[in-house]
Structures are given as structure tokens and as C-alpha cells.
Amino acid sequence: MTSTSSAERAETDGYTPVADNLGAVLATGEPPRPPSAWSASVTFAWRAMLKIKHVPEQLFDVTAFPVIMTLMFTYLFGGALAGSPEEYLQYLLPGVLVMSVAMITMYTGVGLNADIQKGVFDRFRTLPIWRPSALVGAVIGDVCRYSLASVVIIVLGLALGYRPGGGLVGVLAGVGLLLVFSFAFSWIWTLLGLLLRSERSVMGVSAMVLFPLSFLSNVFVDPRTMPSWLQGFVDVNPIAHLVAAVRGALSGQWDGSATLWMFVSAGIILAIFGPLTMRMYNRK
């Protein structure tokens with residue numbers, strides 16, 4: 001038995017394909033342009049924000065964690081180091097602000113690693129978009145979370161008695177410095193998110209780096225009270241430079257040297273880990 005051609009079957013069914021009919025169901029006009037690099041990055045940033053909507057528990061690290069850190073260290077060390085928690089808060093709050101946001105940056109790598117394990121990033125790589133946009137958008141989305149954490153800490157500090165000498169301009173400048181550094185700092189954990197095999201591994205390695213950088217700094221006490229060998233580490237610690245820059249901005253007494261070194265540190269981190277992350281992402 002010979003097979004019936006498609007034309008013969010169409011005639012049997014009472015329908016004959018016509019070029020005009022086929023053209024009516026096809027898209028006409030210019031095909032849509034691929035999204036720009038900025039548009040694609042903003043879309044992925046919005047995706048990162050929508051995760052919070054569907055999983056509100058993610059707000060714990062940007063709300064409850066900073067509150068716990070501020071209250072705990074203020075009332076734990078305030079009386080011993082400064083005579084009263086209120087006095088110590090004037091020195092402590094900028095440091096806790098920096099430390100809390102720096103700790104939160106690790107979740108950039110954790111979230112990226114989770115997407116990789118679920119296969120989401122394999123789908124992103126097949127889309128006709130700027131390839132780094134998925135990574136850049138995720139980091140931009142996390143910057144919004146850092147901003148929320150900063151607002152929570154500053155509002156809590158004001159309620160506890162903290163008074164920034166730099167006023168509103170100083171507060172905005174201090175938070176701006178923190179966000180610039182945090183954006184660059186997040187690329188370290190983004191690279192770890194691509195390299196390591198599990199979320200727990202990313203969190204473990206990140207904590208192992210963040211805790212020494214945060215505690216061996218000028219967050220809690222003046223480095224001049226430390227042994228000379230520890231002062232040497234603090235002098236080259238980028239977190240210490242960031243704390244000094246933010247503390248100066250909030251107090252209205254700018255520390256030009258610390259601010260310069262903060263920008264230099266952020267630039268070096270971004271120049272090293274940004275390209276490494278892109279190269280790893282393209283090869284993965």
C-alpha cells in the first residue's frame with residue numbers, strides 16, 4: 001500500500017493549503033530586538049526581588065539578624081567599654097552596620113549555587129540575552145537587600161539613642177559607600193557559588209573568610225588598643241577601611257584616607273573577581 005501524500009490527504013479532508021492562508025498565521029513585521037544588557041540585568045534583579053515575595057523568610061537575614069547584632073553587642077559590651085550602652089552605641093553602630101551587611105553578602109553566592117543545582121542557570125544560558133546579565137542582575141537585586149538592612153539598623157540605632165553628626169547627608173553618604181563596597185564584595189561569593197558544589201559549602205567557606213575580617217577590625221574597639229601585630233592586620237583589612245569611611249561619613253568628620261582605600265579595595269576586588277566569575281560562568 002502506497003502512502004498518501006499530504007496534498008492528497010488535504011484534498012480528501014476538504015482543505016487545500018494556500019500560501020495566503022499560511023501567511024495569515026505567521027508573524028509579520030520585524031522580529032523583536034534582543035533586550036539590552038541593562039534591561040536584561042534589571043529583569044534578573046527583579047527576579048531576585050520576587051523571590052522574597054514568594055519566600056518571605058529570606059527577609060530574616062536583612063531584618064532580624066541586624067537587629068539581634070545591634071542589640072546584643074550594644075548591651076553586652078557597652079557598659080564595659082564605654083561606661084554606658086548609649087555612649088558605646090555612637091562608636092558601635094557604624095561598625096555593626098558594615099559587619100551586618102558584609103555578612104549578608106554571602107547569600108549572593110548561596111542563591112546562585114541553589115539556582116545552579118536546580119538547573120535554572122542552564123535555561124538562562126540558552127536565552128538570547130547578554131550572558132552575564134543573570135549574574136549582574138542577581139548582585140543588583142542583593143544590593144536592594146543591603147539597602148533594606150541598612151535602613152533597619154539606622155532606624156533601630158536612632159530609636160536606641162544614636163545621633164549621626166553628619167545628618168541626613170552623612171547617613172546617605174555612609175550607606176552609599178557601604179553599598180558600593182558590598183556590590184564589589186559580592187563578586188567573591190558569586191565566584192564561590194560557581195566553584196563549590198553545595199549551598200552549605202558556600203556558606204561555610206564564606207563564614208570562614210568573613211568572621212576574621214569582621215571581628216579582627218575596628219568594628220568593636222579602637223585598633224590602638226590592640227597588639228602591634230594585630231594592628232598590622234587591621235591596617236590592611238578592607239573591612240576596617242570601610243568601617244572607618246562609613247563612621248567618618250555618619251559622624252560628619254570624613255576620613256579621606258580610609259575612603260580612598262575603601263574605593264581602592266573595592267576596585268581591586270571587582271577587577272579580580274568580576275572577570276574570574278565571568279570566565280567561570282562561561283566555561284561551566
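When a residue number appears, it is its place in the shown sequence, counting from 1. These numbers come from a predicted model, not from an experiment.
In the hydrophobic clustering of this structure, M103 groups with L148; members are Ile, Leu, Val, Met, Phe, Trp, Tyr whose side-chain heavy atoms approach within less than 4.5 Å, directly or through other members. Under the 4.5 Å side-chain contact rule for hydrophobic residues, V67 and Y162 share a cluster. Both L216 and W229 belong to a common hydrophobic cluster when Ile, Leu, Val, Met, Phe, Trp and Tyr are linked at side-chain heavy-atom distances under 4.5 angstrom. No single ILVMFWY cluster, assembled from side-chain heavy atoms under 4.5 Å apart, contains both L172 and W254. Residue V169 is not grouped with residue V155 when hydrophobic side chains (ILVMFWY) are merged at heavy-atom distances under 4.5 angstrom, including chains of intermediate members.
Side-chain polar atoms of D142 and T108 form a donor-acceptor pair below 3.5 angstrom. Between the side chains of Y107 and S206, no donor-acceptor pair is found at a separation under 3.5 Å.
Distance check, rounded to the nearest 0.5 Å: CG of L260 to OG of S265 gives 9.0 Å. L242 CG to N218 CG: the interatomic distance, rounded to the nearest 0.5 Å, is 9.0 Å. Within the model, atoms CG of L191 and CG of L276 stand 6.0 Å from one another, a figure rounded to the nearest 0.5 Å. Interatomic distance, I68 CD1 to F73 CZ, rounded to the nearest 0.5 Å: 11.0 Å. To the nearest 0.5 Å, atoms OH (Y91) and CZ (R247) are separated by 4.0 Å. Residue I269 holds its CD1 atom at 10.0 Å from OG of S186, rounded to the nearest 0.5 Å.
You'll find the side chain of L178 stays beyond 4.5 Å of the side chain of Y146, heavy atoms only. L158 has its side chain within reach of P164: a pair of non-hydrogen atoms, C-beta onward, lies under 4.5 Å apart. Looking at T43 and P35, their side chains never come closer than 4.5 Å, going by heavy atoms from C-beta outward. A 4.5 Å side-chain heavy-atom check between L92 and T74 finds at least one atom pair inside the cut-off. Residues V136 and W187 meet the side-chain proximity criterion, which asks for heavy atoms closer than 4.5 Å. Looking only at side-chain heavy atoms (C-beta outward), F181 and P238 come within less than 4.5 Å of each other. For the pair W130/S41, a side-chain contact is recorded, criterion being any heavy-atom separation below 4.5 Å from C-beta on. At a threshold of 4.5 Å between non-hydrogen side-chain atoms, the residues V202 and M106 do not count as touching.
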Exercise answer: donor-acceptor pairs, residues 110-121 side-chain atoms, under 3.5 Å, sequence neighbours excluded:
{"residue": "N113", "atom": "OD1", "partner": "E199", "partner atom": "N", "Å": "3.1"}
{"residue": "N113", "atom": "ND2", "partner": "G193", "partner atom": "O", "Å": "3.0"}
{"residue": "N113", "atom": "ND2", "partner": "L196", "partner atom": "O", "Å": "2.9"}
{"residue": "D115", "atom": "OD1", "partner": "R47", "partner atom": "NH2", "Å": "3.3"}
{"residue": "D115", "atom": "OD2", "partner": "R47", "partner atom": "NH1", "Å": "3.2"}
{"residue": "D115", "atom": "OD2", "partner": "R47", "partner atom": "NH2", "Å": "3.4"}
{"residue": "D115", "atom": "OD2", "partner": "K51", "partner atom": "NZ", "Å": "3.2"}
{"residue": "Q117", "atom": "NE2", "partner": "R197", "partner atom": "O", "Å": "2.9"}

Checklist entry - Can M99 and F220 be said to form a side chain to side chain contact (heavy atoms under 4.5 Å, CB included), step by step? => result CA-CA 10 Å; M99 185 178 71; F220 302 106; 3.8 Å; yes
Checklist entry - What's the verdict on side chain to side chain contact (heavy atoms under 4.5 Å, CB included) for V246 and L97, showing C-alpha distance, side-chain angles and the deciding distance? => result CA-CA 9 Å; V246 172; L97 174 64; 4.2 Å; yes
Checklist entry - Between L213 and F233, is a side chain to side chain contact (heavy atoms under 4.5 Å, CB included) present by the stated rule, with each step listed? => result CA-CA 9 Å; L213 289 177; F233 177 80; 4.2 Å; yes
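Listed for the S147 side chain is a donor-acceptor partner under 3.5 Å among the backbone atoms of V143. Remark: the backbone N or O of S36 is not paired with any side-chain donor or acceptor of S39 at under 3.5 angstrom. Under a 3.5 Å cut-off, the side chain of Q231 and the backbone N or O of M226 do form a donor-acceptor pair. A side-chain donor-acceptor contact under 3.5 Å links Q90 to the backbone of E86. Checked by atom type and distance alone, the side chain of Y88 never pairs as donor or acceptor with a backbone atom of L76 at under 3.5 Å. In this structure, the side chain of S217 engages the main chain of S214 through a donor-acceptor pair within 3.5 Å. Side-chain atoms of H241 do not come within 3.5 Å of backbone N or O of F263 as any donor-acceptor pair.
Of all non-hydrogen atoms in V219 and V96, the two that sit nearest each other are CG1-N, 4.0 Å. Between P132 and M278, the shortest heavy-atom contact is CB-SD, 3.1 Å. Closest approach of G95 to V243, counting heavy atoms only: CA-CG1, 4.0 Å. Minimum interatomic distance between T70 and I153 (heavy atoms only, all atoms of both residues): OG1-CG2, 4.0 Å.
Separation of the F273 and F185 ring centroids does not fall under the 6.0 Å cut-off.
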